Amino acid sequence: MTVKITVLKEQDEGGERRVALIPQVVERLSSLGVSFAMENGAGVASSYPDETYKDVTLSTDRKALLSDADIVLAVQPPTIETVQAMKPGAILVSFIYGRNHPDLVKALRDQKVTCFAMELVPRISRAQAMDALSSQATLAGYYAVLLGSVHMTKILPMMTTAVGSLRAAQVLVMGLGVAGLQALATAKRLGAVTEGYDVRPETREEAQSLGAKFVDTGVDATGKGGYARELTDEEKQTVRKAISDHIARADLIVTTAAVPGKKAPRLIDAEQIKAMKPGSVIIDLGAEGGGNCEGTQAGQIVQVGPTTIVGPINVPSMLALQASELYSKNIMHLLQQILTKDGQIQLDFTDEVISGTALTHDGYITNEGIRTAVDPNSPAPPAPQPPAPAAAPAAPAQASGQEAAR
């Protein structure tokens, strides 16, 4: 039977503009023999009007689309009502952030939906093409510098005029993951003097390769999965002492420290903000998780002492066209892991990409960390087994001697 893939129109109250599948990726996946359905207008906000989707069934009946779908694609965590409209055994691919949405995780389990949460894609080389957190963070880091520049009272590059030269702005980026490195690269391209800070010393070479000075605090807080571990109180004081002068000198600071589903670490306190230059700006990309800076308000622009603090939310959605393109390609590469060449679903939970990305399956919460946080009494899933090999084609019947003679 033909596998039916449905693309949902986002219903996020925050004004999500991205779409989970763009027309070009639909064309590429069509070669597998799957069929596509989509809610009317799903791509309009990201500049992909309905007429650009070829060979896709469009409908306004969300419930009918969900009840008929084998695979449902979305960007933001769906509502519980959406999950309950899906048929048992169907697959959902979207961001979920299970620790923040425990009732949604339970609904996925109870509905026996197999959910692949895009924030759980393992950070291994083989899964890079599926890493939606990184693809979206790249755009967020780029846009953070542009956002900062329009709130500053000075320009980023050095400029020579008839009445003298204007100094280049000092830009400090705190947190040198994907977003932070892209912010450094963007600020440098725009002519700023750049500095980068991270508690993981291995990021030094990456910052320096982008023309930035690395702020070394003497603290190594390298953690698991590419993230930094939480600092001890003593380490926090050491870092604070080393970084405060750099914060005070900066015209623009971009903070990017965030761990999916957890509270953002505090990088800048009120006393450090008070010591900043008049007219300085902080772009806090950790705003949705509570903020990297004391005084950050998610979705707001606030004045704290001499500094303007911008707490943007869902920055990738501000660049919806290309954010959708990257996210759609991430999903395409994931689907290629769970669809056979003839377009049938085959889930191999012995594969670390599949098992690592899966949140729920067959009535179980398969991610141990989220299961413990959401429902510690929920049973663990059985040990994964490799999928049964495809049946070999039947051998042709042996011709009788008489038939062979003919």
Side-chain angles (χ1 to χ4, degrees), residues 1-9 20-21 26 29-30 32-39 56-57 59 61-96 98 101-121 130 331-368 370-371 374-375 378-391:
M1 292 184 63
T2 302
V3 170
K4 299 176 182 178
I5 299 177
T6 289
V7 181
L8 296 183
K9 182 177 181 179
L21 219 56
V26 169
L29 288 173
S30 293
L32 295 176
V34 296
S35 67
F36 292 92
M38 185 176 76
E39 275 192 274
V56 175
T57 301
S59 174
D61 192 337
R62 186 181 181 93
K63 266 193 173 180
L65 287 172
L66 288 165
S67 65
D68 196 39
D70 299 302
I71 299 175
V72 175
L73 307 179
V75 180
Q76 291 292 342
T79 63
I80 291 175
E81 291 73 24
T82 294
V83 171
Q84 291 172 339
M86 294 175 65
K87 63 185 180 184
I91 293 172
L92 171 69
V93 180
S94 75
F95 287 111
I96 297 293
H101 300 95
D103 290 339
L104 174 59
V105 175
K106 293 175 185 176
L108 289 163
R109 175 198 62 194
D110 296 344
Q111 192 68 9
K112 293 192 174 182
V113 168
T114 296
C115 175
F116 291 104
M118 293 302 287
E119 74 277 7
L120 296 180
V121 171
M130 307 167 221
I331 285 181
M332 178 188 72
H333 285 285
L334 178 62
L335 291 179
Q336 288 171 342
Q337 299 297 309
I338 66 177
L339 291 171
T340 62
K341 291 182 180 179
D342 58 355
Q344 298 305 301
I345 296 172
Q346 185 177 73
L347 302 178
D348 182 3
F349 285 95
T350 63
D351 183 300
E352 64 179 320
V353 174
I354 299 300
S355 61
T357 309
L359 173 61
T360 60
H361 174 65
D362 196 27
Y364 294 96
I365 301 173
T366 54
N367 181 283
E368 184 180 357
I370 294 177
R371 184 174 66 250
V374 167
D375 187 357
S378 185
Q385 300 294 324

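Just so you know, these numbers come straight off a predicted model, no measurement behind them. When a residue number appears, it is its place in the shown sequence, counting from 1.
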Can you tell if the side chain of [X] reaches within under 4.5 Å of the side chain of [Y], non-hydrogen atoms only?
X: Ile91; Y: Ile338; answer: yes
X: Met118; Y: Leu334; answer: yes
X: Leu65; Y: Glu39; answer: yes
X: Leu104; Y: Pro78; answer: yes
X: Val3; Y: Ser35; answer: no
X: Leu347; Y: Phe116; answer: yes
X: Val26; Y: Ser30; answer: yes

Quick check: closest heavy atoms across [X] and [Y], and the distance to 0.1 Å?
X: Pro381; Y: Tyr364; result: CA-CD2, 3.6 Å
X: Ala69; Y: Thr6; result: CB-OG1, 3.4 Å
X: Gly98; Y: Glu119; result: N-OE2, 4.0 Å
X: Pro384; Y: Thr350; result: O-CG2, 4.0 Å
X: Thr360; Y: Val113; result: OG1-O, 2.8 Å
X: Leu339; Y: Ile71; result: CD2-CD1, 4.2 Å

Lys106, NZ atom: more than 12 neighbouring heavy atoms under 6.0 Å: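 Result for NZ/Lys106: enclosed.
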More than 12 heavy atoms of other groups within 6.0 Å of Lys63 NZ: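 Result for NZ/Lys63: open.
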Would you check if the side chain of [X] reaches a backbone N or O of [Y] as a donor-acceptor pair within less than 3.5 Å?
X: Thr357; Y: Ile354; result: no
X: Ser94; Y: Leu73; result: no
X: Gln346; Y: Gln337; result: no

Whether His361 and Phe349 hold their rings parallel, tilted or perpendicular, with breakpoints at 30° and 60°: tilted
If you measure from [atom1] on [X] to [atom2] on [Y], what distance do you get to the nearest 0.5 Å?
X: Asp375; Y: Ile370; atom1: CG; atom2: CD1; value: 13.0 Å
X: Thr82; Y: Leu92; atom1: OG1; atom2: CG; value: 9.0 Å
X: Leu120; Y: Asn367; atom1: CG; atom2: CG; value: 5.5 Å
X: Asp362; Y: Arg109; atom1: CG; atom2: CZ; value: 13.0 Å
X: Gln336; Y: Lys341; atom1: CD; atom2: NZ; value: 11.0 Å
X: Arg62; Y: Glu81; atom1: CZ; atom2: CD; value: 10.0 Å

Donor-acceptor pair between Ser59 and Asp61 side chains, under 3.5 angstrom: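 Distance-only check fails for Ser59 and Asp61.
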Residues which pass salt bridge (Lys or Arg N to Asp or Glu O under 4.0 Å) with Lys4, listed by chain and number, not counting sequence neighbours: Asp68
